[in-house]
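Worksheet: one structure, shown below.
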Number of protein chains: 2
Amino acid sequence: MSGAQHVPESETPDTRERILDIALDLFTTQGYETTSLREIAEQLGFSKAAIYYHFKSKDDILIALHMRLHALGGDTLRNMDPATMTLDGWAGLIYELIEQLRTNRILFTLHERNRAAFEKLHDEAHAGEHQDLETLFRTALNNDAVPVADRVRVSCAFGAVLMGSMITGDSFADVAPDEMTAMLRDVVRDILYPPTAP
Amino acid sequence: MSGAQHVPESETPDTRERILDIALDLFTTQGYETTSLREIAEQLGFSKAAIYYHFKSKDDILIALHMRLHALGGDTLRNMDPATMTLDGWAGLIYELIEQLRTNRILFTLHERNRAAFEKLHDEAHAGEHQDLETLFRTALNNDAVPVADRVRVSCAFGAVLMGSMITGDSFADVAPDEMTAMLRDVVRDILYPPTAP
DNA sequence: GTCTATATAGGGATAGAC
DNA sequence: GTCTATCCCTATATAGAC
């Protein structure tokens, strides 16, 4: 913990990350298009043009934020085989989503609230180098080997989790995080493994 | 059926409604800010300025679309008393939502995908004349008389329904509407009335 | 790395003719 | 009701000094 040679003044400023943090906040609350670079620069304390030293375009900032989300789901999703997803497999994925949402809710909200902007990016990056997360989900959900009823339930479970901890926002701010997590897991179980049929 | 005096050429053009229909489509797929009036006018077949005869601003178009949603939920929501919402009351509301989504999915998607824009409208219309739907939901969800666990489940049920029939979009296009509705109702029941505890 | 100044484009909105 | 022409503003992005 001591041998660090190159220690900056107080704490790593890391301007690039600071830009991303501020952008994440503003893009989420106000929306991507409505937020101007001038506004971001204002909060940073320096000029608008300085941002262009760190990012080559406004879209580039959004892409960087998208990559943060990718980094989160990274391994989990790469190991998932859309063709052979069982109900249990889906359940595990959703439980992990609940965990991720605990510490990164804003990042998910950003994506939720700026779908159009992200889709546009995806369209422009038609160089197939980038497999979108949502596309992966959809194709997996279209797997005919799994009964339709199950697939609908999986889809509903995602919606329940996302709504329960994201859209509703701070309505449950007073609830302890652990308690909230437990309740969400219970709901997911009740959706995926209902008493009646499957 | 015959005595109509003032019959237009073929079928009521009703330019105002045509504008709204096209705007609804474009705002939903591309996003509100990204869609220009020029683009809307293009699809209408006439000039951008003509739109200003029917609407006094771009925001005014968005407001009109918001009113369409209001008209849908109208009576149901006005009769709801946020202070005395029981679990059964919520269930009824969600079942109705399922019905509304069958015929008006795009309208809900518009709101889902342009939250920021609608919130901005709501902020500007601080003249209290307009009680927002979502605000109504949130305050009702904050009712301390209802146990937290129940409130979370209600919130999840909304998410499940919205996701199951909206965000997922046309992944289940092949499923018959009636069947889809039945499945969604089942899921809602399993969420709100779980086997373990209430 | 961050600045000032500027190029360029596009958007919303209005005026006034038809 | 719809058009053309125009105003005005703000946004992204670049050039070049420090």
Side-chain angles (χ1 to χ4, degrees), chain A residues 6-66 114 116-118 120-121 123-125, chain B residues 6-66 114 116-118 120-121 123-125:
Chain A
H6 168 29
V7 175
E9 296 77 343
S10 54
E11 51 186 15
T12 3
D14 207 341
T15 312
R16 198 187 143 94
E17 292 303 310
R18 282 182 59 218
I19 294 175
L20 287 179
D21 288 338
I22 294 175
L24 171 59
D25 184 45
L26 291 176
F27 288 172
T28 304
T29 52
Q30 305 181 338
Y32 175 66
E33 279 87 11
T34 317
T35 305
S36 69
L37 295 181
R38 202 206 89 253
E39 221 169 343
I40 297 177
E42 216 164 66
Q43 291 210 17
L44 277 168
F46 50 65
S47 143
K48 178 175 76 168
I51 298 179
Y52 282 93
Y53 176 81
H54 302 274
F55 297 92
K56 73 174 212 293
S57 72
K58 190 187 179 187
D59 278 1
D60 205 35
I61 299 180
L62 197 63
I63 292 176
L65 288 172
H66 186 53
N114 291 282
F118 283 109
K120 201 176 169 194
L121 282 187
D123 288 350
E124 284 162 1
Chain B
H6 168 28
V7 175
E9 295 77 342
S10 54
E11 52 188 16
T12 4
D14 207 340
T15 312
R16 197 186 144 93
E17 291 303 310
R18 281 182 61 218
I19 295 175
L20 286 179
D21 288 338
I22 294 175
L24 171 60
D25 185 44
L26 291 177
F27 289 170
T28 304
T29 53
Q30 304 180 338
Y32 176 65
E33 279 86 10
T34 319
T35 305
S36 68
L37 295 180
R38 194 196 47 78
E39 220 169 343
I40 297 177
E42 215 164 65
Q43 290 210 17
L44 277 167
F46 52 64
S47 142
K48 176 175 77 165
I51 298 181
Y52 282 92
Y53 176 81
H54 301 275
F55 297 92
K56 76 172 209 295
S57 72
K58 191 188 179 188
D59 277 1
D60 206 36
I61 299 180
L62 196 62
I63 293 176
L65 288 172
H66 186 54
N114 291 283
F118 283 109
K120 202 175 167 193
L121 281 188
D123 288 351
E124 284 162 3

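Here the structure is a predicted model, which means the values were calculated and not measured. Residue numbering restarts at 1 for every chain, and letters A, B, ... go by the order of the sequence lines.
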Tell me every residue that passes salt bridge (charged side-chain N to carboxylate O under 4.0 Å, His left out) with B:Asp21, counting only those two or more places apart in sequence or in another chain.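 Once residues adjacent in sequence are excluded, the partners of B:Asp21 under the salt bridge (charged side-chain N to carboxylate O under 4.0 Å, His left out) criterion are B:Arg68.
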Could you tell me the boundaries of the chain A footprint on DNA chain C, defined by atoms under 4.0 Å from its heavy atoms? C:dG1 to C:dT4
Within the structure provided, determine whether [X] and [Y] are in side-chain contact (heavy-atom separation under 4.5 Å).
X: A:Asp123; Y: A:Lys120; answer: no
X: A:His66; Y: A:Leu121; answer: no
X: A:Asn114; Y: A:Leu62; answer: no
X: A:Phe55; Y: A:Ile63; answer: no
X: A:Phe27; Y: A:Ile40; answer: yes

A:Leu24 CG to A:Leu65 CG distance, which is reported to the nearest 0.5 Å: 5.5 Å
Identify the two heavy atoms, one from A:Arg18 and one from A:Leu44, that lie closest to each other, and give their separation to 0.1 Å. NH2-O, 3.2 Å
Do any pairs count as a side-chain hydrogen bond (donor to acceptor under 3.5 Å, both in side chains) and have a residue in residues 45-55 of chain A, sequence neighbours left out, and if so which ones? none
Within residues 26-42 of chain A or reaching into it, pairs that qualify as side-chain hydrogen bond (donor to acceptor under 3.5 Å, both in side chains) - sequence neighbours excluded: A:Gln30-A:Thr35, A:Gln30-A:Glu39, A:Tyr32-A:Asp59, A:Glu33-B:Thr34, A:Thr34-B:Glu33, A:Arg38-A:Glu42
Sub-4.0 Å heavy-atom contacts from residues 47-61 of chain B onto DNA chain C, ordered by number: B:Lys48, B:Ala49, B:Tyr52, B:Ser57, B:Lys58
Heavy atoms within less than 4.0 Å of DNA chain C: which residues of residues 30-46 of chain A have one? Give them sorted by number. A:Phe46
